[in-house]
Visitor: 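Submitted below is the structure of interest, expressed as structure tokens.
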Amino acid sequence: MKIFIKYIISTIIIVVSLVLLLMVIRGSKDNPIYYQEEYNTQIGGPYESSGSTSRYITTEAIVKNITFFLTDAEAKFASPDVSKYKNKYFSVFTPGVAFIGVPFYWLGREMGLPQLLTYFSTTLIALLNAFLIAKIARKLGSGFYTSLISGLLFLFATNALSYSLTFTQHHASTFFILLGILNALSPRTLINNICFGVIYSAGLLMDIPNGIIMLPLVFYVLSRQFDIKDVTDKLKLGIKLNFVGLLIGLMPLIALFGYYNYQTTGSYTTLAQFLGRSKDFTNDLQTEVAFTEEKNGISLPFQTRVQLEGLYIFLVSDQRSIFVYSPIVLVGILGLAFAYKLKEIRNKTVLLIAIILSNFLIYTMFGDPTGSWAFGPRYLIPATAILAAGIGIVLDKYKKKAWFIPIFLIITAYSIGVNVLGAMTTTQIPPKVEAVNLPNPIPYTYEYNWQLMTEENLNSSLFYNLYLSDKLTSRDFALLYSALIMGLILILYTVSSFEAKGAKE
Amino acid sequence: MTINFTINKEVFENIKKWFERNSVSSVAFILSFISIFIFFYYYQNGLGLAYNDARSHLDIGRRVVEGLKPGLAQLGSVWLPLPHLLMVPTIWNDFMWHSGLAGALQSMISFVAICVLIYLFLKELNVGIVGRLVGVAVFAANLNTLYLQSTAMTELLLIVTMMAGVYELLLWFKSEKIFNLIKAAFWVMMSSLVRYEGWFLLFFASGLIVFYTWRKKGYKVTEGTYILFATLAAFGIFLWFLWNTLIFKDPFYFAFGPFSARAQQAQLEHAGVLVTKGNLLLSMKIYLYALVYNSYAYNAILGLTGALVMWFDKNLAGRLRWATLTLIAPLLFNILALYLGHSVLFIQGISGNTWFNVRYGVMMLPSIAIFMGYLVHRLKPLRWVIIGLFLFVTFFAFASRDAVTIDDARVGSSQKNVSEVSGYLKEHATNEKGFILISAASHDAIIFSSGLPMKRFIHEGTGAYWESATTSPDRWARWIVARTNDVNDLTWKAVSVVPTFFERYTLVAQYPFADVYQLNPEWLPALQTESVLKQRK
């Protein structure tokens, strides 16, 4: 009976979360709906970032023209995130996200809503991520309701919300990393090994750094193929032969990746990134300089020299710091620290810490850790997801403490507020160095989103633009929406108080 | 399906025992090969001599054994003498001089010895083999140390003497054996003859010894212990004062003389670039940047964490925790020196668009290595995560060729591309007779890069030659190398006031760092081309 109730509650939460996400999906009023045929890259729209357009147009090319290559007009739409080889244009990104979008685009085209449906694939994955986080939190010993709170806080109180409305790699990468974690923690059967191979290669297909971020999982899974037993004066070493499953699982998607590379760059192993961005559609002097440098050979985008700046950007700066944009994550860090102290789940916690640090370290070494024009630390979304799993542990420990409740609620409200602001306006906030040097300088923090919302009454939500724009101001809608999320969290928090501390699955 | 193997435990035990027994020699052996390989790498690409100071160090060593006025007096007062004294046995050889190997050799030996000391230090702290090897790897797998060990710079010699002193001090804190204290004093003395950081270590270590002994054994024992330590440890400083008194007639010549660091800092202050003076926060910021750039951010952060874990670890005896405080002496010294204006360090992006002396940050690297080794030891569950991420960061450090010391040497204020002017001298003076008048204080790099023997140059250290040549240049100097119109160039300052200089010399070449004047042919018959003043002072 208890399990049945939990299923019911889970389903309700899924539906409510989906409705909440649908309320912020981007779009504008038109007949039928703007952006389905209009390629307008205006701020606040779904095409505001080339990170999305480059992938979207690839999906469109695959469905419409059965090709990975882009026409001149499509390449211009995708620029500057477009590469050129033998006079043919294609996306500079790995093709995973575009591939995922294919069935959604096809369905959307049938319904006359190709953009909405294609972008919805990311929204759906974001929702799945919230529940994968809840699952991981459960594995760390969190209660049922506090685990759900963990997942929802990731979805609505971090910049994951803003990026769930784009057609970028962040949620897809997070999805495969979280799946990888759950798989790695499962028994090492042949099927699980095959699945892990598929998950890892799918992660690579979404974004190359996932290959590094997921390395701790690879080592963990490999280490579990061995079994060492101490038998009196001898050591018995067992090697499970089902590790072959890992290779079997890897092959299909790696082959697909190789085929895609061969078709676009002429080599199975050369990525579009290695060719650099085409400068055919840009007159920007700075970009030209960068391209000239790229011609001198492939250079790794990760440099230890910039790590200090990366640390500053991610931890301290008001530009992108995880603590400025989503301080709720601090609670997650505390949660993982508590989990680390528990011997029975220490191995799992160490694995999670390893993935978080891999994600964090690799992007502190990235040439531009700000993520260029972005909202919050977008590269850290996978790490944020894992950290969010730690929130449930803290809630279980302190949820009834009088001193904890106001602190938690204030941090939650702030985090939700900031990220709703980002979701309802734009993800295109320039890094400080660019913002202050623009002909008309603009803020380089979420203050810019606030300006757009309050001074220009901008709201990118399709729901708002269709039904509420003549009834509510953009700011009032954002407040109402934040209150709904806060209400959902409060309900779960209250219910969780009646659940036994750290109830196991 | 599972394949099973059975291995005798004894095999593992034997391997472990063998490694425990031979670990120090194995570390030294492997690192010796790495050291030699890396030296040749930087020798072949020419970077080994990129630092202007490296060439100057080699020239000082060479002048002791060759030149118009060879002898120990050539050690001068600009730098402390030990690095140059250690070059003497090999610098007479032209290859050893011009390849930089005479100076690099001591850096290479120091590099290996530092790694061994890190290993032994961690062993004394009861750190297991993995932690010890991680400590060694943090120091050795760093492009900055690998580069500096291939040059004739003094950093690694300083580090090894300081580390040896700190290590012996740790042993003394642990066992209270007087012999360890004497050995610590010896190494501190040696470090005090390499650079002034060694002097600070002496004061810092003295403070710790006094504090510890007083608390534990009272005043009388403290007095005796301290005198024993300080007599030997401060002997190097005493010798340096004595040297300055005997050679320059002023015990403080090194500190206040015209070539002292203070004089250079005064020039920088006048130019408005000594910004750290009187600004503690900026001093800390600048040095911490240098430290992070030299050690890589990941290592620096874990090093700091390791230090905190070590100092608050109740499993580690209190006296040992006291002893490990000496590991932060270089940090305190460098911040203090910047704050007091005794040192200058430029970080690109903070101090304009250049680097200068950023290599000072490498001084903390052995400490970071020890702290990190300790952290790996203490955080057993996270051990492989820390090691994995260390390997990951190190891979990218090597892949992106992240060596701030090379940038400092090549593009920062420490570099001096004198190939044009030295090339001119090489081309025109090699097969011709006649001396070259030049200020070694300003243009040692030109002397070095010309490839000419030291005895072809008349410089400030050549006594009567210098006095004669600066008053009657046309009798002694066929070529004069100087920065035209720069009175800080001692050659120009002297010859520009000689009435016949402009009439008898022609400016034959102009370059960014110096110009070359040549004696007009009609005055050649009266020119002295032999070293006839050997017997004179």
Side-chain angles (χ1 to χ4, degrees), chain A residues 188 190 212-213 215-216 218-220 223 225-244 298-312 315 340-341 343 346-362 364-367, chain B residues 1-13 15 141-144 285 288-302 347-350 355 358 361 379-407:
Chain A
R188 297 298 353 130
L190 180 67
I212 298 170
I213 297 168
L215 268 184
V218 174
F219 290 124
Y220 186 76
S223 73
Q225 307 302 317
F226 298 96
D227 184 30
I228 301 171
K229 278 182 188 153
D230 200 338
V231 188
T232 57
D233 60 339
K234 286 189 170 60
L235 284 176
K236 198 175 162 190
L237 175 69
I239 302 171
K240 291 176 191 159
L241 283 183
N242 60 23
F243 76 88
V244 180
I298 299 161
S299 61
L300 286 168
F302 302 108
Q303 297 180 343
T304 39
R305 183 72 61 84
V306 299
Q307 216 171 5
L308 193 59
E309 194 202 337
L311 284 168
Y312 169 77
L315 295 179
Y340 178 80
K341 284 185 176 173
K343 273 189 181 167
R346 187 172 282 165
N347 277 350
K348 292 175 192 170
T349 314
V350 167
L351 180 67
L352 298 184
I353 292 171
I355 301 165
I356 292 167
L357 290 177
S358 299
N359 182 193
F360 187 68
L361 276 183
I362 195 160
T364 55
M365 291 192 284
F366 195 56
Chain B
M1 196 173 154
T2 307
I3 299 177
N4 289 310
F5 301 93
T6 310
I7 306 164
N8 211 327
K9 264 189 192 170
E10 208 181 336
V11 177
F12 281 108
E13 287 299 319
I15 293 171
N142 180 303
L143 278 174
N144 294 297
K285 181 180 173 181
L288 288 176
Y289 263 84
L291 184 157
V292 169
Y293 282 145
N294 276 278
S295 55
Y296 309 132
Y298 176 74
N299 297 345
I301 289 168
L302 286 198
I347 297 288
Q348 198 174 49
I350 300 176
W355 303 101
V358 69
L379 288 184
K380 264 190 189 138
L382 280 172
R383 172 179 287 179
W384 295 108
V385 175
I386 296 172
I387 294 172
L389 293 173
F390 164 71
L391 294 173
F392 169 68
V393 169
T394 305
F395 168 79
F396 281 109
F398 276 72
S400 62
R401 297 188 181 91
D402 183 4
V404 73
T405 46
I406 297 180
D407 293 342

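By convention in this document, chain letters (A, B, ...) are assigned in the order of the sequence lines, proteins followed by strands, and residues within each chain are numbered from 1. Values reported hereafter were calculated over all heavy atoms of this structure, with side chains retained and with hydrogens, waters and symmetry mates removed.
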Visitor: Any idea which of I353(A), L241(A), N242(A) has the most non-hydrogen atom pairs under 4.5 angstrom with chain B?
Guide: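 Looking at each of I353(A), L241(A), N242(A) in turn, L241(A) comes out on top.
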
Visitor: With a 4.5 angstrom heavy-atom cut-off, is it the side chain or the backbone of I212(A) that approaches chain B, or both, or neither?
Guide: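 It is the side chain, since no backbone atom gets that close.
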
Visitor: Please examine the side chains of P381(B) and Y340(A), heavy atoms only from C-beta on, and report whether any two atoms are closer than 4.5 Å.
Guide: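 Sidechains of P381(B) and Y340(A): in contact.
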
Visitor: Is there side-chain contact between M365(A) and F392(B), with heavy atoms separated by less than 4.5 Å?
Guide: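 Yes; the side chains approach each other to less than 4.5 Å.
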
Visitor: Would you say that V393(B) contacts Q307(A) through its side chain, given a criterion of any heavy-atom pair below 4.5 Å between the two side chains?
Guide: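 A side-chain contact under 4.5 Å exists here.
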
Visitor: Please look at T2(B) and chain A and tell me whether the side chain, the backbone, both or neither of the residue comes under 4.5 angstrom of a heavy atom of that chain.
Guide: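 Both parts, backbone and side chain.
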
Visitor: Using non-hydrogen atoms only, which part of V292(B) is less than 4.5 Å away from chain A: side chain, backbone, both, or neither?
Guide: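 The side chain, not the backbone.
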
Visitor: Over all heavy atoms of both residues, which pair between T6(B) and K234(A) is shortest? Give the atoms and the distance, please.
Guide: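 Nearest pair, atom of T6(B) first, then K234(A): CG2-CD, 3.2 Å.
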
Visitor: Using non-hydrogen atoms only, which part of F243(A) is less than 4.5 Å away from chain B: side chain, backbone, both, or neither?
Guide: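 For F243(A), neither part sits under 4.5 Å from chain B.
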
Visitor: Are F396(B) and Q303(A) side-chain neighbours, meaning at least one heavy-atom pair lies under 4.5 Å?
Guide: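 SC-SC contact between F396(B) and Q303(A) ruled out.
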
Visitor: Quick check on Y293(B) against chain A: is it the side chain, the backbone, both or neither that has a heavy atom closer than 4.5 Å?
Guide: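 Answer is side chain: those atoms of Y293(B) sit under 4.5 Å from chain A.
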
Visitor: When only pairs under 4.5 Å are counted, which of I7(B), I301(B), V385(B), I386(B) shares the most heavy-atom pairs with chain A?
Guide: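 Result: the option with the highest number of such pairs is I7(B).
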
Visitor: Working to the nearest 0.5 angstrom, can you tell me the gap between L391(B) CG and L215(A) CG?
Guide: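 Rounded to the nearest 0.5 Å, the CG-CG separation comes out at 11.5 Å.
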
Visitor: Is it true that atom CZ of F219(A) has more than 12 heavy atoms of other residues, nucleotides or ligands lying nearer than 6.0 Å?
Guide: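 No, the 6.0 Å shell around CZ holds no more than 12 heavy atoms from other groups.
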
Visitor: If you draw a 6.0 Å radius around CZ in R346(A), do more than 12 non-hydrogen atoms from other residues or ligands fall strictly inside?
Guide: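 More than 12 heavy atoms, drawn from other residues, nucleotides or ligands, come within 6.0 Å of this atom.
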
Visitor: With a 4.5 angstrom heavy-atom cut-off, which part of L308(A) approaches chain B: side chain, backbone, both or neither?
Guide: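 Both backbone and side chain.
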
Visitor: Closer than 4.0 angstrom, basic N to acidic O: yes or no for K9(B) and D233(A)?
Guide: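 No.
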
Visitor: Taking all non-hydrogen atoms of both residues, which atom of G238(A) and which atom of N4(B) are closest, and how far apart?
Guide: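 Heavy atoms only, the tightest pair is CA-OD1, 3.3 Å.
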
Visitor: Answer with side chain, backbone, both or neither: which region of V11(B) has an atom nearer than 4.5 Å to a non-hydrogen atom of chain A?
Guide: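 Neither; nothing under 4.5 Å.
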
Visitor: Minimum heavy-atom separation for T304(A) to A397(B), with atom names?
Guide: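 In terms of heavy atoms, the two residues are closest at OG1-CA, 3.3 Å.
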
Visitor: Quick one: are F5(B) and I239(A) in side-chain contact, heavy atoms under 4.5 Å?
Guide: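 Answer yes - side chains close enough.
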
Visitor: Is a side-chain donor or acceptor of D402(B) paired with a backbone partner of R305(A) at a separation under 3.5 angstrom?
Guide: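 At least one qualifying donor-acceptor pair exists.
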
Visitor: Using non-hydrogen atoms and a 4.5 Å limit, figure out which bit of T232(A) sits close to chain B: side chain, backbone, both or neither.
Guide: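 The backbone, not the side chain.
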
